[in-house]
Number of protein chains: 2
Amino acid sequence: MTVRVMIVDDQALVRAGFRMVLDSQPDLAVVAEAIDGADALRVLDRVAVDVVVMDLRMPTMDGVEATRRICARRDDGRPRVLALTTFDTEADAFAALRAGASGFLLKNVPPEELMAAIRVVAQGDSVVAPSITRRLLDRFAGQLGPAPAADPRLAQLTEREREVLLLVAQGLSNAEIAARVHVAEATVKTHVGRILAKLQLRDRVQAVVLAYESGLITPGG
Amino acid sequence: MTVRVMIVDDQALVRAGFRMVLDSQPDLAVVAEAIDGADALRVLDRVAVDVVVMDLRMPTMDGVEATRRICARRDDGRPRVLALTTFDTEADAFAALRAGASGFLLKNVPPEELMAAIRVVAQGDSVVAPSITRRLLDRFAGQLGPAPAADPRLAQLTEREREVLLLVAQGLSNAEIAARVHVAEATVKTHVGRILAKLQLRDRVQAVVLAYESGLITPGG
DNA sequence: GACCCCCGCGCCCCGGCGGGGGAGAGGTGG
DNA sequence: CCACCTCTCCCCCGCCGGGGCGCGGGGGTC
């Protein structure tokens with residue numbers, strides 16, 4: 001079964017190049033082209049397309065907006081959008097994926113990868129450029145799966161240590177904490193040291209993260 | 001520069017197969033093997049490895065736990081973990097990525113893709129199997145883009161600076177951030193310096209607090 | 001062309017912080 | 001009584017992080 005592809009790009013040269021590459025494949029067929037977002041929407045009213053290869057940077061209606069509209073009005077899952085851009089920026093990629101794109105690649109990918117991506121997207125799966133995948137994971141890996149429940153780790157701390165941790169987690173230095181709790185800075189240092197050791201953390205920065213993640217502190221509370 | 005690979009899998013046959021495939025490449029070198037998670041950790045104490053190819057389903061210590069420990073104790077971004085499994089289930093994949101894996105593939109990928117993935121991961125980027133990428137996007141696409149109701153203070157930051165701030169707020173050191181984003185530590189320091197200056201903060205600890213309080217990061221999700 | 005911003009990278013300095021070791025006072029419970 | 005824990009405080013040391021300064025390159029704008 002052949003995949004019907006539409007190419008959306010304002011540069012005729014790019015369109016021609018993509019068409020060349022894609023039409024060389026027996027299972028891919030470029031059935032439409034468009035020069036910007038508005039044009040793409042008009043063409044999609046008349047032509048059945050499985051995958052839209054969409055440049056993000058375009059005049060008049062940019063690729064993100066076009067992607068949003070295409071995804072908004074599709075009813076049977078098609079067409080799916082594979083977003084392309086020249087620039088490896090988080091903003092472009094996230095905007096496109098948020099708008100509903102099923103894939104995101106940089107324009108400098110080798111032809112085979114582009115073709116593979118089109119097949120994957122046509123199948124209903126997704127492809128994201130490695131540099132963007134990394135950023136995705138950086139941001140969301142912590143939210144995957146079930147949260148590891150309320151930390152039993154905090155129970156290991158003594159009352160005093162929890163108190164100190166709370167202050168650490170508010171951004172105070174050892175000296176400031178010492179002033180607040182009315183003890184010498186040396187004392188605070190030993191407390192902080194014990195906290196890090198017990199919780200198996202490296203520095204106070206990680207302690208702050210744990211304080212938030214464990215619910216010891218809540219943003220705005 | 002050749003990539004030093006370690007193979008972790010309880011089946012000797014699988015290890016041998018991977019070794020064959022990978023060693024056929026001039027830029028890849030299998031420098032270690034392990035039969036389970038515990039074994040892998042021991043071996044990593046002695047051998048320098050860039051990428052760990054980790055089977056998820058193993059006896060004694062499973063791949064997820066092993067991945068977690070490897071990622072917990074690395075300090076310069078290495079070794080990175082590329083998780084492999086036979087079964088295309090969300091649970092396996094998400095568990096591995098949550099544990100810190102830089103990549104996730106199914107064992108039935110063609111050899112070229114496995115090799116390409118290892119190179120990508122060694123570089124510091126990430127690869128995720130298309131079926132899982134789709135699930136990732138289904139789940140998180142809505143949360144992409146500028147954080148809703150973002151603190152106006154964060155608007156002063158450039159994109160790069162926000163990216164660095166995100167990593168700072170996850171407890172990473174400057175060196176770790178450098179490895180992650182692929183720049184020299186000196187560069188990270190300048191970025192962090194600018195972040196602190198723009199946001200009028202004293203140190204990275206306060207930056208973490210702001211990241212949580214401003215909604216740039218949310219505990220657990 | 002001139003200017004500015006962003007990025008990447010290097011150098012120096014130094015102060016805070018983390019790690020180790022030691023040590024005394026109080027309170028607990030075997 | 002002694003062991004154990006907690007809180008308190010001290011010294012030394014090494015390192016990372018933060019601040020200052022400079023340099024080059026790329027991309028915009030005027």
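Just so we're on the same page: letters track the sequence lines, and every chain starts at 1.
The side chain of B/A184 lies closest to C/dC9 when the candidates are C/dC9, C/dC7, D/dC9. Checked against D/dT8, C/dG8, D/dC7, the side chain of B/T187 finds its nearest nucleotide in C/dG8.
Considering only side-chain N and O atoms, A/H191 lies under 4.0 angstrom from the phosphate OP1 or OP2 of D/dT8.
Of the possible donor and acceptor atoms, one in the side chain of A/D23 sits under 3.5 Å from a partner among the backbone N and O of A/V30. The main-chain N or O of B/D50 is never found under 3.5 Å from a side-chain atom of B/R80 such that the two would form a donor-acceptor pair.
With rounding to whole Å, B/Q156 atom CD is found 16 Å from C/dC6 atom C1'. For the pair A/L157 CG and D/dC5 P, the interatomic distance rounds to 16 Å; values are reported in whole Å. A straight line from CD of A/Q206 to C1' of D/dC16 spans 13 Å, rounded to a whole angstrom. Here the P atom of nucleotide C/dC9 and the CD1 atom of B/I177 are 14 Å apart, to the nearest Å. Across the protein-nucleic acid pair, B/H182 atom NE2 and C/dC7 atom C1' stand 16 Å apart, rounded to whole Å. Distance CD (B/E161) to P (C/dG8): 10 Å, rounded to an integer number of Å. The distance between atom CD of A/E159 and atom C1' of D/dT6, rounded to the nearest whole Å, is 12 Å. Regarding B/Q200, its CD atom lies at a distance of 16 Å from the C1' atom of D/dG18, rounded to whole Å.
B/E159 pairs by the salt bridge (Lys or Arg N to Asp or Glu O under 4.0 Å) definition with nothing, not counting sequence neighbours. In terms of the side-chain contact (heavy atoms from CB on, under 4.5 Å) criterion, residue partners of B/R160 (sequence neighbours excluded) are, by chain and number, A/R135, B/T158, B/E163, B/V181, B/V183, B/H191.
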For a quick test of your reading: what N or O donor-acceptor pairs under 3.5 Å do the side chains of residues 5-22 of chain A make, sequence neighbours left out?
{"unit_1": "A/D9", "atom_1": "OD1", "unit_2": "A/Q11", "atom_2": "N", "d": "2.9"}
{"unit_1": "A/D9", "atom_1": "OD2", "unit_2": "A/K107", "atom_2": "NZ", "d": "2.9"}
{"unit_1": "A/R15", "atom_1": "NE", "unit_2": "A/E33", "atom_2": "OE1", "d": "2.9"}
{"unit_1": "A/R15", "atom_1": "NH1", "unit_2": "A/D9", "atom_2": "O", "d": "2.8"}
{"unit_1": "A/R19", "atom_1": "NE", "unit_2": "A/E33", "atom_2": "OE2", "d": "2.7"}
{"unit_1": "A/R19", "atom_1": "NH2", "unit_2": "A/E33", "atom_2": "OE2", "d": "3.3"}

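Residue pairs meeting the salt bridge (Lys or Arg N to Asp or Glu O under 4.0 Å) criterion with at least one partner in residues 168-195 of chain A, sequence neighbours excluded, are A/E176-B/R202.
For B/Q156, the CD atom is densely surrounded, since the number of other residues' heavy atoms within 6.0 Å is greater than 12.
End-to-end axis angle of the helix from C/dG1-D/dC30 to C/dG30-D/dC1, from C1' rotation axes over five pairs per end: 30° (rounded to 10 degrees).
Contact check on B/R162 versus A/E90 returns no salt bridge, with no Lys/Arg side-chain nitrogen under 4.0 Å from an Asp/Glu carboxylate oxygen.
Nearer to the 5' terminus of DNA chain D, by closest-nucleotide assignment, is the contact made by A/K198 (compared with the other of A/A186 and A/K198).
Note that OG of B/S131 is 10.0 Å distant from CG of B/L105, once rounded to the nearest 0.5 Å.
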Inset, instruction - Take nucleotides 16-30 of chain C nucleotide by nucleotide from the 5' end and write B, S or -, depending on whether a protein heavy atom sits under 4.0 Å from the base, only from the sugar-phosphate, or from neither. - result: -BB------------
